[in-house]
Each structure stands twice: as C-alpha cells, then as structure tokens.
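Okay, structure first, notes after.
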Amino acid sequence: MEASSDTIPRKLLDWYDAHARDLPWRARPGTEAPDPYRVWLSEVMLQQTTVAAVRGYYAEFTRRWPTVEELAAAADEEVMAAWAGLGYYARARNLLACAREVAARGGEFPGTEEGLRALPGLGAYTAAAVAAIAFGRRAVVVDANVERVVARLFALDEPLPGGRAAIREKADAITPATRGGDFAQAMMDLGATVCTSRSPRCLLCPLAARCAARALGEPGRFPVKAPKKARPARRGRAFWIECDERVWLVRRPGRGMLGGMRALPDDGWHSRADGSGEGPLDGPWGHAGKVAHVFTHFALELQLAVYLGDRCDSLGAEEGEWWPLDRLEEAGLPTLFAKAARLALADTGELA
DNA sequence: CACACGTGGAC
DNA sequence: TGTCCAAGTGT
C-alpha cells in the first residue's frame, strides 16, 4: 500500500523529537514558550552564517540586551561594535531599526508572517521562520537547507535560482498545519546534519525511503545551481596613523561596504578599485606589509601604510577619533581592518 | 532578475 | 590553494 504524503512531516517530526540539536536560542520543548525577541535575534544572526559563528555573538547580545526594548535603547556604535566580525553589517543596521520599531509599538513583535515581513531585515525566510517558531503559525519556511532537502526529496533539477518556485511549491505541500515551528527547525536540522551539501548521510535519514534523489542513486546532484561568477581582484591602501599610544579611526558611511563600522582611513579602494588614492596625511609613510582579504564578490589586497608621528592634531579636519591602542578590541573593527591592525601592531612593536 | 553585501570552516 | 558553502535581504 502506498503511504500517504503526510507521512513526510510525521516521520520528520518523530526524528526531530529524538535528534533535535540543543541550541541556545531554542526553547526547551514543553517547558517554556519561545521568546520572539530571541527567535528573531537568532534568525537574523543566522542569515548566511553558521551556527558556530553565531553562538558567541548571540550569548553576548542577549547578555547585554536581554529584551528588545533594551536593544532599541542601545547606542548605534555599541551595537555595530558588538556585531563586528560577524559580517553582513546591514543586518546590524536593520536589527537596530527593527528593534526600535518594535519598541515603539510597545515591545511586541507582530504575530503574523505579513506583519513580520514589513519589519526591516525580515525577508521572506525570516518572517516565515519567526512566525512559525515564535508564534506557532503555519508558514512555508524555505532556507538553503530546506531547498536542498526538498530538491532531493522530489528530485527537482531545475537550476537555482529559477528553480526556487517549484521548490517552494513542494515545501508548501509537505508543511503540516500544526507544529510549524518544529517542522521548520526539523527540516533545517536535517539539512545541517544529515542531508548535507556534500556527502549526505542517507543511512541516517528518516526520509530516505521516500527520497527521489536517493532512489536515483545520486543525492548529491541536487539542487542544481547556476555556475558562479569569477571573483575579481582589487587593491587598495589603508593608513595606520599612530600618536601617543592611540590610532586614528574613522567611521564608514552608513551604507555600502562595511557601512557604519569603525575603520582605518583608506584610499577609497572600494570605489576606485585601483589603490591609487591618497591618504589623510602627506606622510612620509612606512610600509607594514599587505593584508589579503576575500569578500563575497571580490578579493582585496590591502597595503598598509604606517605613520608614527607627532602631528596628531593636524588630523582635526577629518572626522574620526583617536582610539587608545590598549582598547583596540573594543573599537569593533570589521575583520579586514582587524587584520590590518594586527599587522601594524606587530610591525610597530618590532620597531619599539 | 542580478547584484552587493562578510566571514570562517570544510575539503 | 582554491572553491564552495552557511538559518538571506535590499535594491
């Protein structure tokens, strides 16, 4: 007898009850209601970011800002610095904007997918995930894990991104009316631990008997993806200006690359791309070396120019701040500039 | 739809 | 070493 299609969510939920990952942002089953603030915070942090990378940031954010009202009241620079190193800094800017909107409406998140979708930083995925996980709504939650699981389950071979519509349709079809949050998290856990991108562990999979890709003998072929574009190389210079145990830091514009983050002054490599721009001083510059850093859509080779001087005050014209070297960790430099700072400190340290 | 937008880990 | 990838969103 052919099993009915509703055995997919049931098998998956049974598996989840036995194998759910124990993650700090998950409510203990049956013991407490999920906190929408923590669900939302974790979901935003987890956008395009691994669980391992998020753990420490989640712990620190919830320690410093236990409620959405407290986060909403935080200074921009404190939140941006706390996000430093996690990447995709527009998330942090939207996080604050969202927290302030929610605080303005009394500290309660909207309880529907549509209401959540209207908040800054909540796209189709996050709105559905928070609606399902925090509010128990039925929502079709589709992230990269779900895409992979569903593409394999039904052997959908239309290349992404075009094939997303068909994947969503199937995901909708297998989403149960109840336990929507558990189902979404079960799909993601399955994708993260069993139905992995490389070397899927089909022998451990609760859905293996119903998996079309497995039946074809090649689960790894799905989902099919469009070829990636080449990543161009860019060069630039950054400037380490040190005076009286302090270094000159600027704040980057609120939009675009590393927007809103503290940074070393640079030559405008982001727009010029050829490293020919000038620094904030005439010099003379010493050269501490190069920093290699790979972004999503280009690779950067950053030359680090160093000035150790007594002309500290001459920088007054440019907007920035003298930052004490012994508190550099607290500046919240994004990784590119944190690497440059390490290089500068090693270099100037040798000279001292 | 295509592109901008970070980072670190796995293989 | 290079490539791919991760709980995507905004423009």
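Protein chains get the first letters and strands the later ones, always in sequence-line order, with residue 1 at the start of each. No hydrogens, no waters, no symmetry mates; every other heavy atom, side chains included, goes into these values.
Atom pair A:L46:CG and B:dG8:C1' shows a separation of 15 Å (rounding to whole Å applied). Atom OH in A:Y58 sits about 14 Å away from atom C1' in C:dA7, given to the nearest Å. In this structure, the CZ atom of A:R234 is 12 Å from the P atom of B:dG6, given to the nearest Å. Put simply, CG on A:L300 is 12 Å from C1' on B:dG6, counting in whole angstrom units. Atom CZ of A:R231 and atom C1' of C:dT3 are 8 Å apart (whole Å). Atom CG of A:L116 is separated from atom C1' of C:dT9 by 15 Å (rounded to the nearest Å). Distance, A:L86 CG to C:dA6 P: 17 Å, rounded to whole Å. If you take NZ of A:K228 and C1' of B:dA2, they are 14 Å apart, rounded to a whole angstrom.
Between B:dG6 and A:H293, no contact under 4.0 Å exists linking OP1 or OP2 to a side-chain N or O. Residue A:K229 places no side-chain N or O under 4.0 Å from the OP1 or OP2 atom of B:dA2. Put simply, A:R148 has a side-chain N or O that comes within less than 4.0 Å of OP1 or OP2 on C:dA6. In terms of phosphate contacts, A:H297 brings a side-chain nitrogen or oxygen within less than 4.0 Å of OP1 or OP2 of B:dC5. Applying the 4.0 Å criterion to OP1 and OP2 of C:dG8, one finds that A:Q48 has a side-chain N or O inside that range. Regarding contacts with the backbone of B:dT7, a side-chain N or O of A:T335 is found under 4.0 angstrom from either OP1 or OP2.
Note on A:A124: only backbone sugar-phosphate atoms sit closer than 4.0 angstrom, heavy atoms only; bases stay farther off. When heavy atoms are screened at a 4.0 angstrom cut-off, A:T126 is found touching the sugar-phosphate backbone but no base atom. Within 4.0 Å (heavy atoms only), A:G259 reaches no atom of the nucleic acid at all. Among the heavy atoms of the strands, none lies under 4.0 Å from A:A53. Within the 4.0 angstrom heavy-atom criterion, no nucleotide atom of any strand lies near A:R93. Within the nucleic acid shown, A:L23 comes within 4.0 Å of at least one base atom, counting heavy atoms only. Heavy atoms of A:V141 sit nowhere under 4.0 angstrom from any nucleic acid atom. Contacts of A:W25 with the nucleic acid, taken as non-hydrogen atoms under 4.0 Å apart, include base atoms.
For A:K225, whose side chain is taken as the heavy atoms from C-beta onward, the closest listed nucleotide among B:dG6, C:dA7, C:dA6 is C:dA6. Nearest nucleotide to the side chain of A:P334, out of B:dC3, B:dG6, B:dT7: B:dT7. Across B:dG6, C:dC5, C:dG8, the shortest atom-to-atom separation from the side chain of A:Y89 is found for B:dG6. Checking B:dC5, C:dA7, B:dT7 against every side-chain atom of A:L258, the shortest atom distance belongs to B:dT7. Of the candidate nucleotides C:dG10, C:dA7, B:dG6, B:dG6 has the atom nearest to the side chain of A:M257. With distances taken from any side-chain atom of A:N94 to the nucleotides C:dG10, C:dC5, B:dG6, the minimum falls on C:dG10. Counting only heavy atoms from C-beta on, A:R117 has its side chain closest to C:dG10 among C:dG10, B:dT7, C:dA6. Considering only side-chain atoms of A:D143, the nucleotide from C:dT11, B:dA2, C:dA7 that sits closest is C:dA7.
Looking only at atom types and distance, the side chain of A:Q303 has no donor-acceptor partner in the side chain of A:R235 under 3.5 Å away. Defined by atom type and a distance below 3.5 Å, a donor-acceptor pair is missing between the side-chain atoms of A:R148 and A:T196. Remark: the A:T7 side chain and the A:R210 side chain contain an N/O donor-acceptor pair separated by less than 3.5 Å. In this model, a donor atom of one side chain and an acceptor atom of the other lie less than 3.5 Å apart for A:Y125 and A:E43.
Side-chain atoms of A:T49 come within donor-acceptor range of the base of B:dG6, with a qualifying N/O pair under 3.5 Å. No hydrogens or angles were tested; on distance alone, a donor-acceptor pair under 3.5 Å links the side chain of A:T296 to the base of B:dG6. One cannot find a donor-acceptor pair under 3.5 Å joining the base of C:dA6 and the side-chain atoms of A:R198. The base of B:dG6 sits with one of its N or O atoms less than 3.5 Å from a complementary donor or acceptor on the side chain of A:Y88.
Of the listed residues (A:E321, A:E330, A:E78, A:E329), just one forms a salt bridge (Lys or Arg N to Asp or Glu O under 4.0 Å) with A:R262, and that residue is A:E321.
Distance noted for atom P between C:dA7 and B:dC5: 23 Å (whole Å). Rounded to whole Å, the separation between the C1' atoms of C:dT1 and B:dG8 comes to 16 Å. When the P atom is used for both C:dT9 and B:dC1, the distance is 16 Å, rounded to whole Å.
Nearest-nucleotide mapping onto DNA chain B: of A:G162 and A:G256, the residue sitting toward the 5' end is A:G162. Comparing A:E43 and A:L119 by the nucleotide of DNA chain C that holds the closest heavy atom to each, the one mapping nearer the 5' end is A:E43. Heavy-atom distances to DNA chain C give each of A:G191 and A:L122 a nearest nucleotide, and the one nearer the 5′ end belongs to A:G191.
Using a 30° and 60° split on the angle between ring planes, A:F109 and A:Y37 fall in the tilted class, from 30° to 60°.
Contact of the A:F337 side chain with the A:H293 side chain is not registered, since no non-hydrogen atoms from C-beta on lie closer than 4.5 Å.
When atom types are taken as modelled, the side chain of A:D244 and the backbone of A:R246 share no donor-acceptor pair closer than 3.5 angstrom.
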